[in-house]
Amino acid sequence: MPDMPNWIKAYVRFVDALNYRVGRFSMYLLFVLMGILLWSSISNILRQNAIWTLEMAQFTMVAYYMLGGPYSLQLDSNVRMDLLYHRWSDRTKAWFDAFSVFALLFYLGVLLYGAVESTIYSLEYAERSPTAWRPYIAPIKIIMCVGILLMLLQAIAFFFKDVAKLRGEEL
């Protein structure tokens with residue numbers, strides 16, 4: 001059986017490298033989140049009115065898990081309901097993963113479609129949060145679209161890795 005095509009190998013290497021870098025960057029967003037929450041606490045003690053801290057913390061958390069999600073998928077540190085999965089051989093796991101990834105791809109495709117539509121709406125109408133701070137919503141929606149797209153690319157890379165494993169190769 002011939003090796004996997006070079007373009008598939010290049011795709012997997014590229015997506016893995018991209019998600020590794022984005023995931024490592026997103027790890028530092030946790031420190032940004034802690035800084036925002038620390039400032040919120042200090043401003044409350046000093047009786048300052050920092051109305052932006054709660055929403056900024058929420059936006060930072062969304063960026064943290066949306067951009068870090070593909071990295072956790074890459075590391076196989078995602079939560080899996082494995083009543084049977086852990087008992088299977090590597091080959092059986094690869095078969096199961098190669099078929100079940102289609103459900104994930106469908107879900108991510110629908111999610112990305114909705115996210116893009118919502119982002120376009122936010123950009124067209126300059127959508128703002130209905131809070132006192134009233135930040136624009138489009139930047140966080142763009143980050144969400146990027147995170148979903150990266151997760152979709154990583155899921156496709158996982159499919160190629162499973163197919164390679166079934167063929168006796170390692171990508």
Side-chain angles (χ1 to χ4, degrees), residues 4-34 36-37 54-86 88 90-124 127 129 135-167 169-171:
M4 295 291 281
N6 287 334
W7 68 270
I8 290 178
K9 292 177 184 177
Y11 172 83
V12 169
R13 277 193 307 273
F14 173 76
V15 169
D16 281 351
L18 177 64
N19 281 330
Y20 177 82
R21 286 180 179 83
V22 171
R24 298 299 286 190
F25 163 78
S26 71
M27 290 170 62
Y28 293 103
L29 290 175
L30 202 55
F31 294 110
V32 173
L33 177 63
M34 287 189 285
I36 293 168
L37 294 175
L54 178 62
E55 262 182 309
M56 196 64 203
Q58 291 171 341
F59 291 162
T60 304
M61 189 63 171
V62 167
Y64 171 72
Y65 69 77
M66 292 301 286
L67 296 176
Y71 180 58
S72 70
L73 181 65
Q74 180 185 43
L75 296 178
D76 202 24
S77 61
N78 53 318
V79 177
R80 180 179 279 136
M81 183 69 184
D82 64 351
L83 295 172
L84 303 172
Y85 190 86
H86 70 281
W88 295 342
D90 287 341
R91 187 165 175 78
T92 305
K93 287 178 185 178
W95 270 109
F96 184 79
D97 290 344
F99 284 112
S100 63
V101 76
F102 290 109
L104 177 61
L105 292 174
F106 175 76
Y107 172 74
L108 290 171
V110 170
L111 196 63
L112 183 60
Y113 176 79
V116 168
E117 291 292 315
S118 181
T119 302
I120 290 170
Y121 176 86
S122 291
L123 289 168
E124 283 180 0
E127 182 182 19
S129 173
Y136 288 103
I137 301 295
I140 196 61
K141 287 187 176 185
I142 291 169
I143 290 172
M144 291 171 68
C145 288
V146 169
I148 295 167
L149 178 64
L150 290 174
M151 183 71 86
L152 187 63
L153 296 175
Q154 190 64 52
I156 293 168
F158 255 83
F159 173 73
F160 288 145
K161 288 178 185 181
D162 289 330
V163 169
K165 192 179 292 181
L166 289 171
R167 295 167 53 119
E169 294 181 49
E170 199 68 37
L171 290 182

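Residues: numbered from 1 along the sequence shown.
For the pair Ser100 (side chain) and Phe96 (backbone), a donor-acceptor distance under 3.5 Å is present. Not one N or O on the side chain of Ser122 forms a donor-acceptor pair closer than 3.5 Å with the backbone of Glu127. Side chain of Ser26 to main chain of Gly23: a donor-acceptor pair is present (N/O by atom type, distance under 3.5 Å, no hydrogens or angles). With hydrogens and angles disregarded, a donor-acceptor distance shorter than 3.5 Å links the side chain of Glu169 to the backbone of Met4.
We find the CD1-OG distance between Ile140 and Ser129 to be 12.0 Å, quoted to the nearest 0.5 Å. A distance of 9.5 Å separates OH in Tyr11 from CG in Asp16, rounded to the nearest 0.5 Å. Taking CH2 from Trp7 and CZ from Phe160, the interatomic distance works out to 4.0 Å, rounded to the nearest 0.5 Å. The CG atom of Asn19 sits 8.5 Å away from atom CG of Leu73, with the distance rounded to the nearest 0.5 Å. Of the inter-residue distances, the one linking Leu171 atom CG with Ile8 atom CD1 reads 8.0 Å to the nearest 0.5 angstrom. Leu123 CG to Ile137 CD1: the interatomic distance, rounded to the nearest 0.5 Å, is 11.5 Å.
Looking at heavy atoms from C-beta onward, Trp95 lies in side-chain contact with Arg91 at the 4.5 angstrom threshold. Between Met61 and Tyr65, some side-chain heavy-atom pair lies under the 4.5 Å cut-off. In this structure the side chain of Pro135 reaches within 4.5 angstrom of the side chain of Phe59, judged on heavy atoms. Annotation: side chain of Leu104 is not in contact with side chain of Phe158 (no heavy-atom distance under 4.5 Å). Contact of the Val101 side chain with the Asp162 side chain is not registered, since no non-hydrogen atoms from C-beta on lie closer than 4.5 Å. Side-chain contact between Leu33 and Tyr64: absent, with no pair of heavy atoms (C-beta onward) separated by less than 4.5 Å. Side-chain contact between Ile143 and Leu67 is present, with at least one heavy-atom pair separated by less than 4.5 Å.
The heavy-atom pair separating Met151 from Pro70 by the smallest distance is N-CG, 3.5 Å. Between Tyr71 and Met27, the shortest heavy-atom contact is CE2-SD, 4.1 Å. The heavy-atom pair separating Thr60 from Leu29 by the smallest distance is CG2-O, 3.5 Å. The shortest non-hydrogen separation linking Ile36 to Met56 is CD1-CG, 3.6 Å. Taking each heavy atom of Val116 and Cys145 in turn, the nearest pair found is N-SG, 3.7 Å. Closest of all the heavy-atom pairs between Leu152 and Leu105 is CD1-CD2, 3.7 Å.
Around the CZ atom of Phe99, the shell of radius 6.0 Å holds no more than 12 heavy atoms that belong to other residues, nucleotides or ligands.
Within the structure, no pair that satisfies the salt bridge (charged side-chain N to carboxylate O under 4.0 Å, His left out) test touches residues 143-159, not counting sequence neighbours.
Ion pairing between a basic and an acidic side chain is recognised when a charged N comes within 4.0 Å of a carboxylate O; Lys161 and Asp76 show no such pairing.
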